[in-house]
Q: 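Before we start, here is the structure in question, set down as structure tokens.
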Amino acid sequence: MPDVADVPIVGGPADGRTATVELDDHGNPPAELHPGEIDIEGDGLYVRQPVTGSGPPWTYRWQAPAS
């Protein structure tokens, strides 16, 4: 079974939730999540961002679609 992590989501329609994602061979979560991958309707994208300081090493931040 692959390693997984719960990564916090910030902003957008899934704000405050966590995404359980598979980690790659280097221990990193996917660079992006699409709303359908986390049971959210709509356009846009969640982009992985590193976190400095205490807490989890990454978050996913909402990136609205280009208009």
Q: Excluding sequence neighbours, so at least two apart, what forms side chain to side chain donor-acceptor pair (under 3.5 Å) with Q49?
A: R61
Q: How close do G44 and P65 get, counting heavy atoms only, and between which atoms?
A: CA-CD, 3.7 Å
Q: Say you draw a straight line from CG of D25 to CG of D3; how long is it, rounded to the nearest 0.5 Å?
A: 10.0 Å
Q: Ignoring hydrogens, what is the shortest heavy-atom contact between E22 and P30? Give both atom names and the distance.
A: O-CD, 3.5 Å
Q: Running the 4.5 Å side-chain criterion over Ile, Leu, Val, Met, Phe, Trp and Tyr, what cluster does V51 land in, apart from itself?
A: none
Q: Applying ring pair (Phe, Tyr, Trp, His ring centres under 6.0 Å), which residue pairs with at least one partner in residues 30-49 are found, sequence neighbours left out?
A: Y46-W62
Q: Go through the structure and list residues passing ring pair (Phe, Tyr, Trp, His ring centres under 6.0 Å) with Y60, not counting sequence neighbours.
A: none
Q: Just distance, no hydrogens or angles: give the donor-acceptor pairs under 3.5 Å from side chains in residues 7-20, sequence neighbours left out.
A:
from, atom 1, to, atom 2, distance (Å)
D15, OD1, G11, N, 2.7
R17, NH2, I38, O, 3.1
T20, OG1, D6, OD1, 2.4

